[in-house]
Amino acid sequence: MAFSSQRRIDVAGLVIALVLLLLAGLVWWDMSSLQILSPYDLGPKVMPIIVSAGLTLLAVGNAVSAFRGDLPARDSLDWKPIVLVLGALACLIALIAFGGGFMIGTALLFAATSTAFGRRAFVTDLGIGAAIAAVIYLLFVKLLTLSLPAGPLERLF
């Protein structure tokens with residue numbers, strides 16, 4: 001019995017499966033270099049093992065779907081949102097590095113990300129991002145007693 005239609009192997013799906021498998025191997029390798037011993041055999045090594053196993057299962061499932069041709073069609077790539085979010089992330093890094101602080105950079109990142117997802121209220125989102133950044137800053141600094149990069153707004157607290 002011969003099949004008249006041939007299934008096409010999804011090369012991009014195989015590449016994604018390979019990348020997932022490489023990430024699983026990287027997580028496993030990094031976990032194996034930990035020198036931490038736990039008295040109950042449940043320590044910091046458990047979560048990387050779970051993540052590595054999950055990535056391996058995803059890689060195998062993706063590879064099987066790619067060989068079967070069962071992966072859904074991909075949407076076209078729109079670079080504008082990607083560039084907007086990466087640019088805002090670069091601004092956050094630059095602001096932290098040059099003393100602008102965590103809160104201003106985080107507010108800008110929040111507003112740019114919401115714009116990248118299609119929202120058109122940049123000033124409002126900047127205010128929402130500033131409020132969220134203030135709450136995060138206060139939680140880290142006051143409750144957890146961890147230090148975040150201080151800028152002009154952080155010095156007010």
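Side chains included, hydrogens not; waters and symmetry mates left out as well; all remaining heavy atoms used.
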Peer 1: Can you name the nearest heavy-atom pair linking Leu84 to Ala116, along with the distance?
Peer 2: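 Heavy atoms of Leu84 and Ala116 come nearest at CD2-N, 3.6 Å.
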
Peer 1: Check whether any side-chain heavy atom of Phe102 sits under 4.5 Å from a side-chain heavy atom of Ile136, and report yes or no.
Peer 2: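 Counting from C-beta outward, Phe102 and Ile136 do come under 4.5 Å.
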
Peer 1: Membership question, hydrophobic clusters at under 4.5 Å side-chain separation (ILVMFWY): are Met103 and Ile96 in the same one?
Peer 2: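 No; Met103 is not reachable from Ile96 via cluster members.
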
Peer 1: Using the side-chain contact (heavy atoms from CB on, under 4.5 Å) rule, take Leu58 and Asn62 through it: C-alpha gap first, then chi angles, then the decisive distance, then the call.
Peer 2: CA-CA 6 Å; Leu58 286 173; Asn62 209 60; 6.0 Å; no

Peer 1: Under 3.5 Å, which donor-acceptor pairs link side chains of residues 107-114 to any protein atom two or more places apart or in another chain?
Peer 2:
unit_1, atom_1, unit_2, atom_2, d
Thr113, OG1, Leu109, O, 2.7
Ser114, OG, Phe110, O, 3.4
Ser114, OG, Ala111, O, 2.9
Ser114, OG, Asp125, OD2, 2.6

Peer 1: When hydrophobic residues are tied together by side-chain contacts of less than 4.5 Å, even through go-betweens, does Leu89 share a cluster with Leu126?
Peer 2: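 No; tracing contacts between hydrophobic side chains, which count when under 4.5 Å, never links both residues.
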
Peer 1: Test of understanding: clusters of I, L, V, M, F, W, Y form through side-chain heavy atoms closer than 4.5 Å, transitively. Do Ile104 and Ile93 belong to the same one?
Peer 2: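 Cluster IDs for Ile104 and Ile93 differ.
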
Peer 1: Indicate, with yes or no, if Ile132 and Tyr137 share a hydrophobic cluster defined by side-chain heavy-atom contacts under 4.5 Å among Ile, Leu, Val, Met, Phe, Trp and Tyr.
Peer 2: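 Yes, same cluster.
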
Peer 1: Looking only at heavy atoms, what is the nearest atom pair of Phe122 and Thr115, with distance?
Peer 2: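 What the structure gives for the nearest pair is CD1-OG1, 3.4 Å.
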
Peer 1: If you link I, L, V, M, F, W and Y whenever their side-chain heavy atoms are under 4.5 Å apart, who else ends up in the same group as Leu18?
Peer 2: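 Members other than Leu18 - counting any ILVMFWY side chain reachable under 4.5 Å - are Leu22.
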
Peer 1: Pair Thr124, Arg119 - check side-chain contact (heavy atoms from CB on, under 4.5 Å), show working.
Peer 2: CA-CA 10 Å; Thr124 303; Arg119 188 164 151 88; 3.8 Å; yes

Peer 1: So for atom CZ, which belongs to Phe140, do other residues, nucleotides or ligands contribute more than 12 heavy atoms lying within a distance under 6.0 Å?
Peer 2: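 Not more than 12 within 6.0 Å, no.
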
Peer 1: Find out whether Thr106 and Leu92 are in side-chain contact, i.e. whether some heavy atom of one side chain is under 4.5 Å from a heavy atom of the other.
Peer 2: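 Answer yes - side chains close enough.
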
Peer 1: Grouping I, L, V, M, F, W and Y whenever their side-chain heavy atoms are under 4.5 Å apart, do Val27 and Leu21 come out in a common cluster?
Peer 2: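 Cluster IDs for Val27 and Leu21 differ.
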
Peer 1: I'd like to check Asp10 versus Phe67 (side-chain heavy atoms, cut-off strictly below 4.5 Å). Are they in contact?
Peer 2: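 Result no, sub-4.5 Å side-chain heavy-atom pair not found.
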
Peer 1: Can you name the closest pair of heavy atoms from Ser52 and Trp28 and give their distance?
Peer 2: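 Heavy-atom minimum between the residues: OG-CB, 3.6 Å.
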
Peer 1: In chain order, what residues pass the side-chain hydrogen bond (donor to acceptor under 3.5 Å, both in side chains) check against Arg120, with sequence neighbours excluded?
Peer 2: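 Arg120 satisfies side-chain hydrogen bond (donor to acceptor under 3.5 Å, both in side chains) with no other residue.
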
Peer 1: After noting the C-alpha distance and the side-chain angles of Trp79 and Leu77, does the key distance pass the side-chain contact (heavy atoms from CB on, under 4.5 Å) rule?
Peer 2: CA-CA 6 Å; Trp79 285 99; Leu77 183 61; 3.3 Å; yes

